[in-house]
Each structure stands twice: as structure tokens, then as C-alpha cells.
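Written out below as C-alpha cells is the structure these notes cover.
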Amino acid sequence: MRLDKYLSDMNVGTRSSVKELIKKGHIKVNGIVIKKSNYKVNLNDEITVNDKVINYIEYEYIILNKPAGYLSATEDKKQETIMDIIKSKRKDLVPVGRLDKDTEGLILITNDGKLNHDLLSPENHVDKKYYVEVDNKIRNDAQEIFSNPIDLGDFVTKPSKLEILSDTKAYLTISEGKFHQVKRMFKFIGCEVTYLKRVQFKNLDLEGLEIGDYRHLTDEEIFDLKNYK
């Protein structure tokens, strides 16, 4: 890997600012000052910037308990995004799927493109569990309705699992992630969603994470995600 790519990948700076650091002799590889941006390095080399070691992290896997009011995007010129919360060494992290701006809860963020694609692929049926509050009493036959496909006009849902907690509160587990899907499913049975939070995604949950907190996945969690089939 080129030295300038190594350093820019690790958010030391932009490609141009990294090249300037290299040119001015601020970078060492295995204790030797290197002034060529295209110098080839290996991941087991010791790379330092002003004598501070910069370890290379190829992939990052983070779960965030997303607050309401943040976009599930990498950047936006007018509004705050979830990436304004995350502090990472990688510059190429992206959310796996999206949560609406007003929706809270679990969102996975990674730069592992293959895993991202696999988890979002419709044929893989990755479960997503939501806590829902609505404005009207949930009808008595709602569980039966949700356990069958629902025609919402532009698409037909797969069967889902509804756990009723009270007249106006429930858990809903779906295996898709269409635009406003949960809100539209409840509207189908005459309820407007007043609060929505994703509490589980595949094998991941929010245990120990307050709103706005995030953490890196454990090796075991990463393994389970990659072996979801």
C-alpha cells in the first residue's frame, strides 16, 4: 500500500495534506524518515507521524444508539448526521441501511462493503426489531394481519411478528427495510406511529448503550454477523 493512502485512510489528513507531511519529513517507517508519498508499506510496518504510532485498521464495525434528529447519512450540508457523533480512524464508514430522521435506535456503521451488501440483500431476511408507540388502540386482529404479507401498494411486505405490549405499544420484527415501512404497516391497521425505536438488528441489541452512545463490535459479534446464513 502507498504510504499516503495508508495515512489518509487512517484520517491523518487529506491526501494532499498527508503528502505535505511526508515531504517535510514528519513521517517515519520503521524508524526511518520517508519523503516519498508513493513509498510502499506493509501492515506490519511501524508508521509514525511526529513519532506517534499510527496503527492501520482495515475494517471497523460500530453500533450506535441513534438519537432522533440525525440523518442516517455520511454527510449533509444543512443537517447533522450520525457521522457527526462517531469518532473513527477510518474515513470511509457508512451506515448499513437507514433510520428515519425522527427514529431512534440501533444502526450499524462499517466500511466492510461486502458485509453491508449481504446484510441489506432482500433474500437474506435479516431481522430488525422495533419498539413502537401509536396513537390509537391496536386492533385485536393485528398480530394475524402482520403475520401475513401486507400489500402497501408499491410493495408487499413479508410476514412479520407483532408482540403487543399494551393498547398502544408493541414490538414489531420485520426482515425488510423499505422506506417508512413500520409507519406504513401500522397506518394500514389505522394507527399513526408517535414513537419508533429500533432495538435489535440481527444478533445486535442496545444493551449498555444510552441514546447517542456507540461502541465497536466484539470479534464474536462480527463473526455472527458474517455467518448469518
Side-chain angles (χ1 to χ4, degrees), residues 62-76 78-86 93-110 116 119-120 122 125-215 217 221 225:
I62 296 170
I63 55 170
L64 166 70
N65 190 347
K66 175 189 171 297
Y70 286 79
L71 297 180
S72 297
T74 55
E75 60 181 351
D76 189 274
K78 296 182 179 179
Q79 303 181 70
E80 290 183 303
T81 76
I82 57 173
M83 300 312 299
D84 293 319
I85 302 173
I86 302 294
L93 293 175
V94 296
V96 178
R98 294 179 181 275
L99 291 177
D100 295 341
K101 181 181 177 181
D102 61 344
T103 300
E104 297 179 358
L106 194 158
I107 189 162
L108 175 64
I109 302 162
T110 184
N116 193 329
L119 291 174
L120 294 179
H125 310 299
V126 175
D127 284 345
K128 307 162 190 71
K129 185 176 182 179
Y130 294 83
Y131 169 72
V132 188
E133 295 181 2
V134 296
D135 65 341
N136 290 323
K137 182 180 184 300
I138 300 171
R139 50 194 283 182
N140 294 331
D141 58 351
Q143 286 177 313
E144 181 181 356
I145 292 172
F146 281 12
S147 68
N148 292 288
I150 299 175
D151 188 349
L152 293 178
D154 55 336
F155 79 99
V156 178
T157 71
K158 292 182 172 64
S160 59
K161 179 183 178 182
L162 181 68
E163 303 169 64
I164 297 177
L165 303 175
S166 71
D167 285 350
T168 58
K169 299 176 182 179
Y171 286 120
L172 177 65
T173 302
I174 60 175
S175 60
E176 306 132 303
K178 300 290 187 180
F179 185 65
H180 290 327
Q181 179 174 342
V182 173
K183 294 176 182 178
R184 294 176 66 189
M185 289 175 69
F186 276 92
K187 190 171 184 178
F188 183 83
I189 60 168
C191 296
E192 291 288 338
V193 172
T194 58
Y195 178 78
L196 183 60
K197 180 170 188 171
R198 184 156 70 188
V199 296
Q200 193 168 343
F201 181 93
K202 182 64 175 65
N203 59 310
L204 305 175
D205 60 41
L206 292 171
E207 183 178 358
L209 286 179
E210 298 295 330
I211 286 288
D213 288 347
Y214 64 93
R215 67 171 177 84
L217 269 59
E221 288 171 331
L225 275 179

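Only this structure's heavy atoms are used, side chains among them; waters, hydrogens and symmetry mates stay out.
- Judged by distance alone, with hydrogens and angles left aside, the side-chain atoms of Asp205 form no donor-acceptor pair with the main-chain N or O of Phe201 at under 3.5 Å.
- Side-chain contact between Lys169 and Ile138 is absent, with no heavy-atom pair separated by less than 4.5 Å.
- Between Glu80 and Asp84, the closest heavy-atom pair is CA-OD2, 3.4 Å.
- Residue pairs that meet the ring pair (Phe, Tyr, Trp, His ring centres under 6.0 Å) test with at least one member in residues 157-185, sequence neighbours left out, are Tyr131-Tyr171.
- Without hydrogens or angle criteria, Glu176 side chain to Lys158 main chain gives a donor-acceptor distance under 3.5 Å.
- Side-chain contact between Thr110 and Pro95 is absent, with no heavy-atom pair separated by less than 4.5 Å.
- You'll find the side chain of Lys161 stays beyond 4.5 Å of the side chain of Ser147, heavy atoms only.
- Here the side chains of Val96 and Ile109 are not in contact, with every heavy-atom distance at 4.5 Å or above.
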Verdict with reasoning, Tyr130 to Ile174, per side chain to side chain contact (heavy atoms under 4.5 Å, CB included): CA-CA 8 Å; Tyr130 294 83; Ile174 60 175; 3.9 Å; yes
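- With contacts defined as side-chain heavy-atom distances shorter than 4.5 Å, the pair Ile145/Ile150 qualifies.
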Evaluation steps, salt bridge (Lys or Arg N to Asp or Glu O under 4.0 Å), between Asp154 and Arg184: CA-CA 11 Å; Asp154 55 336; Arg184 294 176 66 189; 2.7 Å; yes
Candidate pair Phe146 and Phe186, rule ring pair (Phe, Tyr, Trp, His ring centres under 6.0 Å), full reasoning: CA-CA 9 Å; Phe146 281 12; Phe186 276 92; 5.3 Å; yes
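- Tyr70 pairs with exactly one of Ile85, Thr81, Leu64, Leu99 by the side-chain contact (heavy atoms from CB on, under 4.5 Å) rule, that one being Ile85.
- Between Asp102 and Lys183 there is a salt bridge, since a side-chain N of the basic residue sits under 4.0 Å from a carboxylate O of the acidic one.
- Put simply, the side chain of Leu217 reaches to within 4.5 Å of the side chain of Leu204, judged on heavy atoms.
- The heavy-atom pair separating Ala73 from Ile82 by the smallest distance is O-CG1, 3.8 Å.
- Under 4.0 Å is where a charged nitrogen must lie from a carboxylate oxygen, and between Arg215 and Glu207 no such pair does.
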Verdict with reasoning, Leu225 to Glu221, per side chain to side chain contact (heavy atoms under 4.5 Å, CB included): CA-CA 6 Å; Leu225 275 179; Glu221 288 171 331; 5.8 Å; no
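- The closest donor-acceptor contact from the side chain of Asp135 to the backbone of Glu192 lies under 3.5 Å.
- Taking every heavy atom of both residues into account, Thr103 and Lys66 meet most closely at O-NZ, 2.7 Å.
- The backbone N or O of Leu162 lies less than 3.5 Å from a partner atom in the side chain of Gln143, making a donor-acceptor pair.
- Among all heavy-atom pairs drawn from Leu106 and Leu206, the shortest one is CB-CD2, 3.6 Å.
- When all heavy atoms of Asp127 and Ser175 are compared, the closest pair comes out as OD1-CB, 3.9 Å.
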Working for side chain to side chain contact (heavy atoms under 4.5 Å, CB included), residues Tyr214 and Ile63: CA-CA 6 Å; Tyr214 64 93; Ile63 55 170; over 6 Å; no
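- Taking the side chain as every heavy atom from C-beta outward, Thr173 and Ser160 never approach each other to under 4.5 Å.
- Of the possible donor and acceptor atoms, none in the side chain of Lys197 sits under 3.5 Å from a partner among the backbone N and O of Tyr195.
- Between Lys101 and Asp76 there is no salt bridge, since no side-chain nitrogen of the basic residue lies less than 4.0 Å from a carboxylate oxygen of the acidic one.
- Taking NZ from Lys178 and OG1 from Thr157, the interatomic distance works out to 11.0 Å, rounded to the nearest 0.5 Å.
- Within the 4.5 Å cutoff, the side chain of Asp100 has no heavy atoms near those of the Ser72 side chain.
- Within 6.0 Å of the CG atom in Asn140, the count of heavy atoms belonging to other residues, nucleotides or ligands does not exceed 12.
- Here Ile189 contributes atom CD1 and Lys137 contributes atom NZ; the two are 10.0 Å apart, rounded to the nearest 0.5 Å.
- Separation of atoms CD1 (Ile107) and CZ (Arg198) is listed at 6.0 Å; rounding is to 0.5 Å.
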Side chain to side chain contact (heavy atoms under 4.5 Å, CB included) between Leu93 and Met83, worked out: CA-CA 8 Å; Leu93 293 175; Met83 300 312 299; 3.8 Å; yes
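- Between Glu163 and Lys129 there is a salt bridge, with a side-chain nitrogen of the basic residue lying less than 4.0 Å from a carboxylate oxygen of the acidic one.
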